[in-house]
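Notes follow the structure.
The figures here come from the full heavy-atom set of this structure, side chains too, leaving out hydrogens, waters and symmetry mates. Residue numbering restarts at 1 for every chain, and letters A, B, ... go by the order of the sequence lines.
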Amino acid sequence: MRMSNLYLPTLKEDPAEAEITSHKLMLRAGLMRNHSAGIYSYLPLGYKVIKKVENITRKHMDASGAQEVLLPIVQTAQIWKDSKRWDKFGPLMMKLTDRKDREYCLGPTHEEVVTDLIKDEIRSYKDLPLNLYQIQTKVRDEIRPRFGVMRGREFIMKDAYSLDIDYEGLDKSYQAMYEAYEKTFAECGLDAVAVEADTGAMGGKDSHEFMVLADSGEDQIAFCDSCGYAANVERAAAEKEMIDFESEAEIEKIHTPEIKTIAELEAYLDLPAARMIKAVAMVADEEAVLALLSGEDELNEIKLKNHLAADQLRAAEEEEFAELFKSTAGFIGPVDLAGIRVVADQRLKNIRGAVTGANQKDYHFKNVNINRDFEVEEFADLRLVKDGEGCLECQAGTLNIKAGIEVGHIFKLGTKYSENMGASYLDENGRTQPIVMGSYGIGITRLVAAAIEQNNDQYGIIWPKAIAPYQIIILALGNDEAVAEKSEAIYQELKAEGWEVLLDDRKERAGVKFNDSELIGIPLRLTIGSRSLENGEVEAMIRENNQKLKLNLADLKEKVAELMADIS
RNA sequence: CGGAGCGUGGCGCAGCUUGGUAGCGCACCUGCUUUGGGAGCAGGGGGUCGAAGGUUCAAAUCCUUUCGCUCCGACCA
């Protein structure tokens, strides 16, 4: 491609709309432009990278035996009501109606469509297993789109759906996808790790997320430094001792004017946070729920939501304390709190001698003992793990928490969709059985951003070779005829060798060309100017380390092949 | 949805407090010079100041409404 013809609007300055590195660089390097919050147009260079990632993904999906299809973006509300997710996905879906007022949504994911598609075709165990995948634009009306393509409202995703006769088959399909994912991310030049994950709105049993470690990541992951356990903090559990202060003193109401937070209580009473019972007022599907935790712990909402099997979980609002909880914000507690569902963290099972809110403004109770002053029927692990805590898995290591970007997620769905939507087959005994499903996603556009987060420097992007929009860029410097001719000849020669080559033949000064080539991150740069040409040389620069070296014109294509082979 | 900030030429910004008819840098166009690290000089084009309404002799500036973009939060009582 000649850059004089390329639509590549690069920016010298950081755009005001971008916050994180990948977002800034995707705009500056002319990969994309913003259309609306979380919605982008991809320009030639950006779309080329996307297609590279798609093709690598496609290759490994095909190799695993999956078959590519293309499913509808516009989906009827009916299939979502059938699967009982119309309300669960709720506001996350972009909804629309047609001229006859029939309801539709723009597909945020495609489990429903796939299940609906195959349910009339798959009749026998002989038709299974099957794995169907597609690469397509998904639409999700995110609460808060941000960081460019990292959390967009419209994004490209590869999604695959496995269909098996039983759980053993599902395990095999899942394993095949797991391995295909490892190969895909490795080939894209990404350092990705699989971690145990929550299944969220997908439902189902096992689930792994593939994470690219990066400080800008939105997810927190706990890693054991000893046994290799790795899990999203949404799910991670740590080794923690039970709490009990072994007090039998009588419960006592104390005056705590304007003392509402754990931190204020600590200071006011001169007691450690572990002494407090933190009571968090939540509303789960419009039912009031009080979560109890140690004052030193934080509530993990995902764990509570899973325990309650709730569709929606949110914090109670100020006004709801009185109506729903018959209490007051800042002073809520489990004592004398009739009729409210209470779930306590398992660490509190035997707690005695604690401080907790008295459900009365400006008052707390002290010397509170469980089973004497209040009853709890439900215990669960509700706490968020913290950096440095002990690993529950091996009982030896320490958990470290790092930020990561979720680029892939695989789920064992089981029979949830097939049962709700009536997708079944006849087994060898002629009995009707639900199809056992799995679901597997890769965020293609997010992966591009993650690749940039992991591969950049002060000058711009450093593309891994496999997903670079072009592999080689030739800079023709100056107005010298001989330079232009030689550059063109080398451009043709390298193209003939099968390389993807950019020729910077623009009427720009050397500095502009150097800077743009670094910004757009092409792995290998060849600089051709009148000086070096006199010596029968061109200058090469390797983008991944910015090392420069001289190459002889005589054996240029051999040397280029050698250099490219060494570039990662 | 709550909080905060921002919308002024393609991009980045100043001007707004104290109303007087829009400016800087980059980019763009023309000419000359320059030509291996984002050139210099000279000349030039381009803006309903996000939108609507109001106050005023006069509004980018003050008031109201509205739309959009960004950030923080939406959980610790």
Side-chain angles (χ1 to χ4, degrees), chain A residues 9-20 23-24 27-28 30 33-39 91 141 143-148 151 234 256 258-265 273 276-284 289-305 312-318 320-321 325 327-334 345 355-359 361-362 364 382-384 459-460 475-480 483 504 506-519 525-534 537-539 541 546 548:
Chain A
T10 57
L11 303 174
K12 213 184 280 189
E13 294 172 279
D14 281 338
E17 71 190 66
E19 198 70 17
I20 65 168
H23 190 193
K24 286 178 184 167
L27 294 167
R28 284 191 54 207
R33 285 294 181 263
N34 177 261
H35 170 76
S36 167
I39 301 177
D141 192 5
I143 298 175
R144 182 143 95 86
R146 62 181 137 187
F147 303 150
R151 181 167 296 280
E234 290 176 346
T256 50
E258 294 300 321
I259 306 295
K260 294 183 172 187
T261 66
I262 297 289
E264 287 164 0
L265 267 179
M276 328 291 174
I277 294 175
K278 179 182 286 186
V280 187
M282 303 293 293
V283 178
V289 174
L290 192 68
L292 303 182
L293 294 123
S294 163
E296 63 182 15
D297 288 343
E298 312 249 321
L299 174 63
N300 182 331
E301 261 190 54
I302 305 285
K303 287 182 180 177
L304 178 61
K305 190 172 170 184
Q312 307 287 343
L313 181 71
R314 61 175 173 82
E317 283 161 30
E318 195 82 22
E320 291 174 321
F321 278 80
F325 292 86
S327 183
T328 173
F331 303 94
I332 195 165
D345 183 68
V355 175
T356 184
N359 298 316
K361 185 169 167 24
D362 294 340
H364 280 78
L382 296 181
R383 62 187 299 278
L384 203 58
Y459 306 110
L475 304 193
L477 300 187
N479 294 321
D480 194 339
V483 167
D504 195 346
R506 296 176 299 170
K507 302 254 173 291
E508 290 288 353
R509 301 173 63 83
V512 173
K513 296 188 180 189
F514 284 129
N515 283 305
D516 273 349
S517 79
E518 284 149 18
L519 177 61
R525 177 172 86 196
L526 301 177
T527 305
I528 297 159
S530 44
R531 279 183 222 165
S532 54
L533 219 49
E534 281 170 21
E537 291 175 332
V538 302
E539 181 194 273
M541 190 181 93
N546 295 335
K548 294 178 183 170

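Contacts of Asp14(A) with the nucleic acid, taken as non-hydrogen atoms under 4.0 Å apart, involve only primed sugar atoms and P, OP1 or OP2. At a threshold of 4.0 angstrom between heavy atoms, the contacts of Ala279(A) include nucleobase atoms, whether or not backbone atoms are also involved. Using a 4.0 Å heavy-atom cutoff across all strands shown, Phe321(A) reaches at least one base atom of the nucleic acid. Heavy atoms of Thr527(A) sit under 4.0 angstrom from at least one base atom. Among the atoms of the strands shown, none is found under 4.0 Å from any heavy atom of Leu11(A). Within 4.0 Å of Tyr459(A), counting heavy atoms only, lies no atom of the nucleic acid at all.
With hydrogens and angles left out, the side chain of Arg146(A) and the base of rU70(B) share no donor-acceptor pair within 3.5 Å. Between the base of rG38(B) and the side chain of Glu518(A) there is no donor-acceptor pair shorter than 3.5 Å. In this model, a side-chain donor or acceptor of Arg525(A) finds a partner on the base of rG37(B) within 3.5 Å. Between the side chain of Ser532(A) and the base of rG36(B), at least one donor-acceptor pair of N or O atoms lies under 3.5 Å. For rG38(B), the base has no donor-acceptor partner in the side chain of Glu508(A) [N/O atoms by modelled type, under 3.5 angstrom]. At a cut-off of 3.5 angstrom, counting only N and O atoms as typed in the model, there is no donor on one side facing an acceptor on the other between the side-chain of Lys12(A) and the base of rG10(B).
Residues Arg314(A) and Glu301(A) are not paired through a salt bridge, judged by the lack of any N-O separation under 4.0 Å between the basic side chain and the carboxylate. The residues Lys361(A) and Glu258(A) are annotated as salt-bridged, a charged nitrogen and a carboxylate oxygen being separated by less than 4.0 angstrom. The residues Lys278(A) and Asp345(A) are annotated as not salt-bridged, no charged nitrogen and carboxylate oxygen being separated by less than 4.0 angstrom.
With rC71(B), rA39(B), rG36(B) as the candidates, the nucleotide lying closest to the side chain of Arg509(A) is rA39(B). In the set rC69(B), rA77(B), rC71(B), rC69(B) carries the atom at the smallest distance from any side-chain atom of Glu17(A). Which of rC72(B), rG12(B), rA74(B) sits closest to the side chain of Ile143(A) comes down to rA74(B). Closest approach to the Arg144(A) side chain among rA77(B), rC69(B), rC72(B) is made by rC72(B) (side chain taken as heavy atoms from C-beta onward). Here rG37(B) is the nucleotide among rG38(B), rC75(B), rG37(B) with the atom lying nearest to any side-chain atom of Lys548(A). Ranking rC13(B), rA77(B), rC75(B) by closeness to the Ala16(A) side chain, first place goes to rC13(B). For Asn515(A), the side-chain atoms get nearest to rG37(B) when compared with the rest of rG37(B), rG36(B), rU70(B). Listed nucleotides: rG38(B), rU34(B), rA77(B). Nearest to the side chain of Val280(A): rA77(B).
Toward the 5′ end of RNA chain B lies the nearest nucleotide of Thr10(A), the other residue of the pair Glu19(A) and Thr10(A) mapping further downstream. Of the residues near RNA chain B, Ala316(A) and Arg28(A), the one whose nearest nucleotide (by heavy atom distance) lies more toward the 5' end is Arg28(A).
Across all strands shown, rU70(B) forms a Watson-Crick or G-U wobble pair with rA4(B), both key distances being under 3.5 Å. Base pairing analysis places rC24(B) opposite rG12(B); the two distances defining the Watson-Crick or G-U wobble pair are each below 3.5 Å. Base pairing analysis places rA60(B) opposite nothing; no Watson-Crick or G-U wobble pair with both distances below 3.5 Å involves it. In this structure, rG46(B) makes no Watson-Crick or G-U wobble pair, since no nucleotide meets both defining distances under 3.5 angstrom. Nucleotide rG19(B): unpaired (no Watson-Crick or G-U wobble partner with both distances less than 3.5 Å). Across every strand in view, rC76(B) sits unpaired, with no contact that passes the Watson-Crick or G-U test at under 3.5 angstrom. Across all strands shown, rU33(B) is found opposite rA39(B) as a Watson-Crick or G-U wobble partner, with both distances under 3.5 Å.
Remark: Asp504(A) CG to Ser517(A) OG distance equals 8.0 Å, nearest 0.5 Å. Distance check: Leu293(A) CG to Leu384(A) CG gives 10.0 Å after rounding to the nearest 0.5 Å. Between the CG atom in Leu477(A) and the CZ atom in Phe514(A) there is a gap of 5.0 Å [rounded to 0.5 Å]. Separating the CZ atom in Arg506(A) from the CG atom in Leu475(A) is a distance of 9.0 Å, to the nearest 0.5 Å.
Nucleotides rC28(B) and rU48(B), compared at atom C1', are 22 Å apart to the nearest Å. Atom name C1', nucleotides rG3(B) and rU8(B): the rounded distance is 26 Å, in whole Å. Here the separation of rG15(B) from rA22(B), taken at their C1' atoms, is 8 Å to the nearest Å. For the P atoms, the distance from rG45(B) to rG25(B) is 16 Å, rounded to whole Å. Nucleotides rU34(B) and rC41(B) are separated by 16 Å at their P atoms, to the nearest Å. As rounded to the nearest Å, rC13(B) and rG5(B) have C1' atoms that lie 16 Å from one another. Across the P atoms, rA60(B) and rA51(B) are found 11 Å apart, a figure rounded to whole Å. One P atom belongs to rC26(B), the other to rG20(B), and the distance between them is 27 Å to the nearest Å.
Taking atom CZ of residue Phe325(A) and atom P of nucleotide rC75(B), one finds them 12 Å apart after rounding to whole Å. Look at CD on Glu301(A): it is 10 Å from C1' on rC76(B), rounded to the nearest Å. Taking atom CG of residue Leu382(A) and atom C1' of nucleotide rA77(B), one finds them 16 Å apart after rounding to whole Å. Rounded to an integer number of Å, the gap from Arg151(A) CZ to rA74(B) P is 14 Å. Whole-Å rounding puts the Ile39(A) CD1 to rU70(B) P distance at 10 Å. As rounded to whole Å, 17 Å separates atom P of rC69(B) from atom CZ of Arg33(A). If you measure from atom CG of Leu526(A) to atom P of rG36(B), you get 18 Å, rounded to the nearest angstrom. For the pair Glu298(A) CD and rA74(B) P, the interatomic distance rounds to 10 Å; values are reported in whole Å.
The shortest distance between the side-chain N/O atoms of Ser36(A) and the OP1/OP2 oxygens of rC69(B) is below 4.0 Å.
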>> Walk me through whether Glu13(A) and Arg28(A) qualify under side-chain contact (heavy atoms from CB on, under 4.5 Å).
In response: CA-CA 7 Å; Glu13(A) 294 172 279; Arg28(A) 284 191 54 207; over 6 Å; no
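Considering all non-hydrogen atoms of both residues, Thr356(A) and Pro334(A) come closest at OG1-CD, 3.2 Å.
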